[in-house]
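Note that the structure is predicted; figures quoted are calculated from it, not measured. Residue numbers begin at 1 in each chain, while the letters A, B, ... track the order of the sequences.
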Number of protein chains: 2
Amino acid sequence: MNVIQKKSRPRVKNEEAILNAAEEVFSELGFAGATTSLIAKRAGIPKANLHYYFPTKETLYQAILGKILSIWLHAAETFDDCDDPADALGRYIRAKMEISRSHPLGSKIWAQEIMHGAPHIQGSLETTLRDWTESRVKIIQRWVAEKKIDAIDPHYLLYMIWATTQHYADFEHQIGVLNEGRALSDEKYEDAMETVTRIIVQGIGVSGG
Amino acid sequence: MNVIQKKSRPRVKNEEAILNAAEEVFSELGFAGATTSLIAKRAGIPKANLHYYFPTKETLYQAILGKILSIWLHAAETFDDCDDPADALGRYIRAKMEISRSHPLGSKIWAQEIMHGAPHIQGSLETTLRDWTESRVKIIQRWVAEKKIDAIDPHYLLYMIWATTQHYADFEHQIGVLNEGRALSDEKYEDAMETVTRIIVQGIGVSGG
DNA sequence: ATTAAAATTGACCGTATGGTCAAGAAATAC
DNA sequence: GTATTTCTTGACCATACGGTCAATTTTAAT
C-alpha cells in the first residue's frame, strides 16, 4: 500500500481522514453543532493537529462544500443538450439518484446550508447555480416549443427533480423507518429510480421516444 | 385588545412570543446553533424569563416539534379515503403546498431533525408516521388493483409528494435566488401548485376523473 | 389591607468550545 | 552530519453557552 507516494508525507492521508470525519460530523450535527474536537477524534488525531491542516472550522467547512459542489457539477453535465427529453431527463434523474445513494452526507450538508439561507456560499453558488439553471431552462423550453413535452414552466420541473432525488439522501432516515427500519436494498433503490423517472417523464407528457 | 382574558396574565402572550422567536431561530441556526439568549432577545424578554416558561432548550424545542406535528397531521387528514385518485391526491398536494407556504420555518426544523437522525422524536414520530403511511399505502394499492392508476409501489409516490411539496419550504432561499432574488409571487406559487399536481396525477396514469 | 401566588431580572457558575502556542519529534535537503 | 522544513501534541486561554438563584415586583385572592 501507499505505492504512489515515495515518502510518508502525511498531508494527503491526514487531510482525507479529516475531510471524511468532518463530512460525517457536519451532516449529523450541522455547522454550529459540529465541534472540531469531535471531528479530530473521529479522524484519529489530536485537535491541535486538525487545526494545523485546517486553521478554522470555517476553512474545513468550506473545503467540504467545495467537494460537494464539484460532485454536483459533475452530475449536472449528464443533463446534456439532447433531442430526446425522455433520454436526457432519464439520465439526469439516474445520475442524481446515484449521488443520493453514494454521497448522502454531502447532500444533507448542502440542504442544511440552503435552509439556513446559504450563509457560507454567498455568490459562488448563486452564479454557478443560476447559470446552470438558465441554460437548462432554455433546453426544456425548446422541448415545449417543439411540442415534445407539455407546456410547463421548466423551473417547477427542475425543482421536482431536485426535490425528489435529493429526498432519498436527505430523508434517508425517515425512508428507513418506513422500510421496516432498514435502508432500502439495491433492488428497491433501483425500483425507486425507475418509478421516479417514469412518473416524471409520463407526467410532463413526453411524446416521442 | 385582550378582550378574552379578564386579567393580564402574561403566560399566554409570553409563551407565544417565545415559541415564535424559537421557531425562527431554530430554523435559521439548527438546534445546536440556536441559543436561548438569542431566542429571548427576539421574544423581547430576558433570558432568565424564558427559562421560567421553558426550563430547558430541549423543552422549548419539543414544544416546537409538537406544534409542527399537529399542523402536519391536520394536513394529513385531507388525504381521505376517496374513490377518485385525482381528487384525493390533488387535495393532499394542495394542502401540503399551502403548509409549505404558510409555515416554512416549521418544515425546515422538521427536515433538519430528520436529517440528523431524528434524535429528539424517537418513537412518537415513528409510530405516528408509520401508521399514517401504512393506511395511505393501502388506499393507493387499492387504486392500483382497481386499475385507476398505474402499477407502482405507493411508497415512492408518497416520497415524491412529500419531497416536492416540502421543497418549496425547505429550499425557499434557493428558489428565491432562481427567481431573480425574490420570493415567488402568489400567482407563481399557484402555478407551481398546479404544475406539481398535474405532473404527478398524469405521471401515475390516472384514468378516470 | 394582607397574604399568597405568579412573574421578572441581574448576577452568577460550571462547562465546553474554537483557537493558540511553544516545545519537541520526524522527515527531508544539502 | 547538519540545517531546515514539516508535522505532532499537551497545555493553555478567552469567550460564550445553558442553566440557576435569590431578590424584587407585579398581580390575584381573601
Grab the two heavy atoms, one from B:L29 and one from B:A34, that are nearest each other, plus how far apart they are. CB-N, 3.8 Å

By nearest heavy atom, map A:N49 and B:K57 onto DNA chain D; which one lands nearer the 5' end? A:N49

From D:dG19, D:dT8, C:dA6, pick the nucleotide closest to the side chain of B:H51? D:dG19

Phosphate contact (D:dC7 OP1 or OP2) by A:Y52 side-chain N/O below 4.0 Å: yes

In whole Å, I'd like the distance from the CG atom of A:L29 to the C1' atom of C:dG18. 16 Å

May I ask you to evaluate whether B:N14 reaches the phosphate of C:dA6, defined as a side-chain N or O under 4.0 Å from OP1 or OP2? no

Does atom NZ (A:K67) have a neighbourhood of more than 12 heavy atoms from anything else shown, all under 6.0 Å? yes

Can you list everything that forms a side-chain contact (heavy atoms from CB on, under 4.5 Å) with B:T127? Sequence neighbours excluded, please. none

Heavy atoms only, 4.0 Å cut-off, all strands: where does B:A34 land among base, sugar-phosphate and nothing? sugar-phosphate

Does the pair B:R94/B:E190 count as a salt bridge with the N-to-O cut at 4.0 Å? yes

Figure out the CD1/P separation between B:I18 and D:dG18, and round it to whole Å. 14 Å

What is the separation between atom NZ on A:K41 and atom P on D:dT9, rounded to the nearest whole Å? 16 Å

Rounded to whole Å, the CZ-C1' distance (A:F54 to C:dG19) equals 16 Å

What is the separation between atom CZ on A:R9 and atom C1' on D:dC7, rounded to the nearest whole Å? 10 Å

Please give me the minimum heavy-atom distance between B:Y189 and B:M97, naming the atom from each residue. OH-O, 2.9 Å

Rounded interatomic separation in angstrom, taking CG from A:L60 and C1' from C:dG18: 12 Å

So does B:T36 get a side-chain nitrogen or oxygen closer than 4.0 Å to the phosphate oxygens (OP1/OP2) of D:dG18? yes

By nearest heavy atom, map A:G33 and B:L50 onto DNA chain C; which one lands nearer the 5' end? B:L50

Of B:A48 and B:R11, whose nearest nucleotide on DNA chain C comes first from the 5' end? B:R11

Of all the nucleotides listed (D:dG18, D:dT9, C:dG18), which has the minimum atom distance to the side chain of A:P46? D:dT9

